[in-house]
2 protein chains.
Amino acid sequence: MADSRTPRSAEGLGSSSPAPAVTRAAAVLDALAEAPSGRLTLSDLSRELGIPKSSTSNLLMALEEARLITREGAEFSLGRKLVELGAAYLSRLDEVQEFYKFCEQAPTLSGETVRIAMIDGDHIIYLARYEGHPAVRLTSNIGDKMPLSLSAVGKVLLAQLHDHDIEAMFPDDVELPVMTPKSLRSAVELKAQVAAIRKQGYALEDEESTLGVVCLAVPVPTHGAHGPSLGLSVTALKATFSEEQAALMVKELKELAHSLGNPMG
Amino acid sequence: MADSRTPRSAEGLGSSSPAPAVTRAAAVLDALAEAPSGRLTLSDLSRELGIPKSSTSNLLMALEEARLITREGAEFSLGRKLVELGAAYLSRLDEVQEFYKFCEQAPTLSGETVRIAMIDGDHIIYLARYEGHPAVRLTSNIGDKMPLSLSAVGKVLLAQLHDHDIEAMFPDDVELPVMTPKSLRSAVELKAQVAAIRKQGYALEDEESTLGVVCLAVPVPTHGAHGPSLGLSVTALKATFSEEQAALMVKELKELAHSLGNPMG
DNA sequence: GGTGGTTGTTCAGTGGATTGAACAAGCGTG
DNA sequence: CACGCTTGTTCAATCCACTGAACAACCACC
């Protein structure tokens, strides 16, 4: 997707980093993560990030020594250590452990596909997935990202933000990403939904990211001031989706959200 | 585990990194990943890594801007971007996708707990887990590490290495980590097992990491020269473990390994 | 409230990381 | 095979990131 003609400068001109080498190294990791093939050469990186070749070479050597990237011939790709670090992050979230336990025991949810997600910049990121439903395997994985406007969790998390933050992210004339004919197209429409979500306490996504698939989501009340807000969602096939079922799911999701929000034994 | 009295210098004295800031930043991430609570203050990090406070402050600011870490008051912890990056790494491994598909269809394995792992320095790291067996939920997670000598996959991957590499990692007088009374204690014993594993083509772990639990593992033939070698394992309760079952599992594991090793439609 | 030991931030000097040009090695192409 | 166009590595000069000490803010404990 990234236009290879447009080098995205690692440094935003005026904003000089307090540790440029680190900022640039992070840009290297990003570039590798976003590259379609996942593999780039020194020259590729140097060109795309606008970093001199010799400097890039130094960065890559340091990153390789830290196992954050791997060299394979002349091509570099992400390293295994990133899996460790990502896992270390997730293992610290007690919510994830409890999430699994709860899903297994919940009468309705235990048979569905449930996910827990978190807001991450202008996207959501999936942290864990419970699959009671081996028949419907989602293509999305832990760690995957999604635009806020295209998912139920995204909308529900958006609804948790202050209005001026929402306005900053979605001015009225902004272009929203579109994945299906039913995707929301205007920021005005999105903000109207946000208002509705705040009233009813849950969000619905009706084939807006994948045709034939609907999603329900609720927010997890953020306990105390610390930690970013989490959201929960159930995914179901539109064909087998009924009002009563939806009501049950929302009820159980809210129970789960409540128990995640109030840490107890 | 880390003796807080012993600052592990980020730089190995003589070996000066071509990009010290990056190496130090990586050390910061490691320290945060290993910290029991997952949260450290600027001073903690400065002390433990032997980096001046002012420099540490700069590193942390740059890391935070890259979302590789998060600040929470005065404490720093790993950032969400690491989950993304780890996921990006895993999503590139086609093996993982095929692994899931195969497990679901395999007659015996589909009811068991199967994992795929990779060698990572002197440990193994789990890349994916299939659970046909909701009754027995493992405590281990994707991204977790394990010493080579304590798991069936570890031993089977060790058996793939050249003898001189094994000798370098496990000289005869080395102290092996111990987790149960049945854990291997001497490197000599370990190397004898490696020889046996090479003959029979699979490895067995008999309550060496967890009492009551046994594991079988086979290697995935590394197709071509590139990519590190992978291993597959099934975990079962010792109580419900029979010879015939073991034979079936090894057979299916080998089939899976073969299909992973020979990429096809 | 004073006091000792923290904490994180500021700032000017300097030593080392960064750099660009010049190098060597690979690869299609005519 | 010689040619252009890549690629990655080398090296000395310069600039800027790192440093250490001095600072301010905080907490805990008499």
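Quick note on labels: first sequence line is chain A, next is B, and so on, each numbered from 1. Keep in mind that what you see is a predicted model, and the values were worked out from it rather than measured.
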5' precedence on DNA chain D between Lys53(B) and Met61(A) (nearest-nucleotide basis): Met61(A)
Closest to side chain of Ala21(A), choosing from dT7(C), dG8(D), dT18(C): dT18(C)
Touch class at under 4.0 angstrom, heavy-atom based, for Ser57(A) against every strand present: sugar-phosphate
Atom-pair distance (CZ on Phe76(A); P on dT7(D)), nearest Å: 13 Å
Interatomic distance, Ile51(A) CD1 vs dA17(C) C1' [rounded to whole Å]: 14 Å
Short side-chain N/O contact to dC11(D) OP1/OP2 from Ser54(A), under 4.0 Å: no
Out of dG8(C), dG20(D), dG8(D), whichever nucleotide has its closest atom nearest the side chain of Pro52(B): dG20(D)
Between Thr70(A) and Glu64(A): side-chain donor-acceptor atoms closer than 3.5 Å: no
Closest to the Arg47(A) side chain, choosing from dG8(C), dT7(D), dC18(D): dT7(D)
Minimum-distance nucleotide (side-chain atoms of Ser43(B) versus dG8(C), dT7(D), dT18(C)): dG8(C)
Ala74(A) vs Ala19(A), nearer the 5' end of DNA chain D by closest nucleotide: Ala74(A)
Shortest side-chain distance from Pro20(A), nucleotide among dA17(D), dT7(C), dG8(C): dA17(D)
Distance below 4.0 Å between Arg24(B) side-chain N/O and dC18(D) OP1 or OP2: no
Side-chain N,O (Arg71(B)) to OP1/OP2 (dG8(C)) below 4.0 Å: no
Closest listed nucleotide, where the reference is the side chain of Leu42(B) and the choices are dG8(C), dG20(C), dT9(D): dG8(C)
Leu45(A) CG to dG8(D) P, straight-line distance once rounded to whole Å: 9 Å
Side chains of Glu65(A) and Thr23(B), donor plus acceptor under 3.5 Å: no
d(CG, Leu59(A); P, dA17(D)) in whole Å: 13 Å
N/O donor-acceptor pair under 3.5 Å between Thr56(A) side chain and Pro52(A) backbone: yes
Ionic contact status for Lys191(A) with Asp172(A), cut-off 4.0 Å: yes
Donor-acceptor pair, side chain of Arg71(B) and main chain of Gly73(B), under 3.5 angstrom: yes
